[in-house]
There are 2 protein chains.
Amino acid sequence: MEKISSNQCFGGWQQQFSHDSAVLDCRMRFAVYLPPQVAHGQRVPLLYWLSGLTCSDENFIHKAGAQRVAAELGIAIVVPDTSPRGAAVADDEAYDLGQGAGFYLNATQPPWARHYRMYDYVSQELPSLIAAYFPVNGRSAIAGHSMGGHGALICALKRPQDYVSVSAFSPIAHPVNALWGQKAFSAYLGDDQQTWREWDASLLMAAANVDAHRPCRVDIGLADGFLAAQLQPEALENAAAASGYPLQLHRHEGYDHSYYFIASLIEAQLRFHATQLFAMPG
Amino acid sequence: MEKISSNQCFGGWQQQFSHDSAVLDCRMRFAVYLPPQVAHGQRVPLLYWLSGLTCSDENFIHKAGAQRVAAELGIAIVVPDTSPRGAAVADDEAYDLGQGAGFYLNATQPPWARHYRMYDYVSQELPSLIAAYFPVNGRSAIAGHSMGGHGALICALKRPQDYVSVSAFSPIAHPVNALWGQKAFSAYLGDDQQTWREWDASLLMAAANVDAHRPCRVDIGLADGFLAAQLQPEALENAAAASGYPLQLHRHEGYDHSYYFIASLIEAQLRFHATQLFAMPG
């Protein structure tokens with residue numbers, strides 16, 4: 001693991017690292033924000049942030065303004081890239097397939113299957129690396145935007161034992177029923193749509209047992225041009241109603257799909273996670 | 001004037017516009033943040049932000065997180081570009097000369113003199129446009145980073161009647177004595193170094209009459225790699241001591257020249273300006 005950068009930020013440290021990922025079979029970069037509390041030897045809880053289409057590990061750390069609140073609360077933030085990367089990694093010219101568009105699943109189809117295992121990477125390999133090298137205390141939450149909102153929801157729904165809470169901005173909530181999801185899933189998973197179902201947050205949430213429920217906050221902007229066709233938050237709302245899943249869905253008039261929306265509401269999501277990350281066990 | 005974008009942000013609106021600049025003889029883009037208070041018909045005070053080398057109108061609006069505090073306080077923020085732009089505008093391959101590096105002065109030398117009049121643009125043409133089209137109340141402050149910190153200081157020192165306060169992050173405080181300044185000034189102003197003196201914040205501040213004094217806050221990071229050679233805050237400190245100028249210079253251990261430093265301290269600078277922008281007249 002190599003440290004690429006370290007910048008003082010709100011009394012803590014915004015850092016970037018690269019490492020060889022065994023799961024993805026390529027070199028990967030990720031960002032970590034360490035709050036000031038770690039300087040005093042404290043181990044802190046952790047939020048994973050999964051970014052959207054075309055993003056890298058940098059969009060969130062540059063644009064969301066999350067470090068201010070993370071510093072106050074004493075939460076570390078880990079931001080992986082959105083796909084495997086590199087000249088040897090399969091790619092596509094479209095912005096919504098290939099590099100920058102890994103969709104946080106494990107691909108089964110050529111040419112994607114060799115490298116595109118972002119689900120295993122963000123939910124297992126990266127957490128192991130973080131636990132080994134950073135002063136975290138084992139309590140983790142997960143959040144994301146758009147494709148990353150989809151990613152956060154499926155991680156928390158498939159591995160509830162690993163996360164105390166989950167949130168999303170403008171998630172692709174029902175990808176089997178949306179063009180972005182259908183294009184990615186048919187490429188990465190193939191034509192058998194039965195295999196798609198385990199990567200769809202609405203289908204997973206509708207079937208979630210009560211002991212797998214986690215506090216879940218979703219924020220959407222009503223001026224988001226992708227809302228009706230690609231995001232479909234109503235599907236998630238219906239799924240939560242079906243299984244009694246504790247979903248808090250907040251609709252915001254005037255806000256769109258951009259980082260200006262994330263910046264405006266990230267404090268609310270961080271404070272939502274803090275109530276779980278700092279809850280007394282038991 | 002054409003509106004390029006408008007995004008809801010912290011209850012207000014982050015917008016971008018383009019217009020034909022007569023002073024610069026080219027099409028220019030600028031950004032405006034309008035706080036939520038303007039929706040109620042209120043006219044608000046204004047902060048100009050001048051950006052550093054290689055920046056456009058976008059770096060600050062994406063990375064500083066200023067909108068949150070501006071929304072709370074009720075301050076508009078106007079962010080011009082850092083130089084004239086376009087295929088017809090003289091340029092240089094270096095990052096520190098030509099497009100993206102206008103240095104907020106009026107060039108006198110070929111090939112720069114025709115378009116490079118950023119001082120007149122940011123201190124006169126742009127304020128006239130803002131006053132005509134936006135709900136501002138006539139009280140303005142000015143701030144900037146690095147090359148833009150130099151720009152903010154010289155604007156406030158040369159036209160104190162137009163600004164109630166001035167601040168800077170990591171300004172190029174004594175450009176006649178630094179390589180960045182010497183390169184730009186010799187290109188834009190020529191070899192007669194007497195002409196450089198009216199664009200140097202430290203020389204202007206040392207000669208500032210008491211009725212031209214304005215509250216002035218400067219923040220510098222002690223881990224800034226440009227500090228000693230290019231920025232030279234001690235020159236500004238000495239100039240303030242010479243003329244009794246009300247300079248507050250804050251040194252911050254561990255912080256560097258990046259936007260992470262700006263994001264960490266922008267709230268302090270905005271609250272500093274607010275005390276002047278909202279002061280009762282008289």
Side-chain angles (χ1 to χ4, degrees), chain A residues 4-16 31-36 38-39 55 58-72 77 79 169-170 219-225 227 250-268 270-271, chain B residues 4-16 31-36 38-39 55 58-72 77 79 169-170 219-225 227 250-268 270-271:
Chain A
I4 298 170
S5 67
S6 180
N7 301 85
Q8 189 99 38
C9 186
F10 286 98
W13 296 267
Q14 181 60 62
Q15 304 184 324
Q16 286 175 292
V32 179
Y33 179 69
L34 295 173
V38 305
C55 289
E58 295 197 328
N59 306 65
F60 182 78
I61 67 174
H62 288 167
K63 295 183 171 180
Q67 296 96 341
R68 178 182 62 89
V69 188
E72 178 204 321
I77 303 179
V79 185
F169 287 93
S170 323
D219 290 277
I220 58 168
L222 295 180
D224 186 329
L227 194 61
H250 298 270
R251 295 175 163 86
H252 302 274
E253 195 139 0
Y255 284 92
D256 60 26
H257 203 67
S258 71
Y259 258 92
Y260 296 116
F261 175 44
I262 299 172
S264 301
L265 272 300
I266 191 68
E267 178 167 1
L270 283 164
R271 293 191 187 284
Chain B
I4 298 170
S5 67
S6 182
N7 301 85
Q8 190 99 41
C9 186
F10 286 99
W13 296 267
Q14 181 60 61
Q15 304 184 324
Q16 287 175 291
V32 179
Y33 179 69
L34 295 173
V38 304
C55 289
E58 295 197 327
N59 306 66
F60 182 79
I61 67 175
H62 287 167
K63 295 184 173 180
Q67 295 97 340
R68 178 183 61 88
V69 189
E72 178 204 321
I77 304 179
V79 185
F169 288 92
S170 323
D219 290 278
I220 59 169
L222 296 180
D224 185 330
L227 195 61
H250 299 270
R251 294 175 164 85
H252 303 274
E253 195 139 2
Y255 285 92
D256 59 26
H257 202 67
S258 72
Y259 258 92
Y260 296 116
F261 175 43
I262 299 173
S264 300
L265 272 299
I266 191 69
E267 178 166 0
L270 283 164
R271 293 192 188 282

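Chain A is the first sequence line, chain B the second, and so forth, proteins listed ahead of strands; every chain is numbered from 1.
Using a 4.5 Å cut-off between heavy atoms, A:Asn7 contacts chain B through both its backbone and its side chain. Neither the backbone nor the side chain of A:Tyr259 comes within contact range of chain B, judged by heavy atoms closer than 4.5 Å. Using a 4.5 Å cut-off between heavy atoms, A:Glu253 contacts chain B through its backbone alone, with no side-chain atom that close. With a 4.5 angstrom heavy-atom cutoff, A:Ile61 touches chain B via backbone and side-chain atoms both.
Once rounded to the nearest 0.5 Å, the distance linking SG of A:Cys9 with OH of B:Tyr255 reads 7.0 Å.
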Practice prompt. Applying side chain to side chain contact (heavy atoms under 4.5 Å, CB included), run through A:His252 and B:Gln8 and close with a yes or a no.
Written response: CA-CA 10 Å; A:His252 302 274; B:Gln8 190 99 41; over 6 Å; no
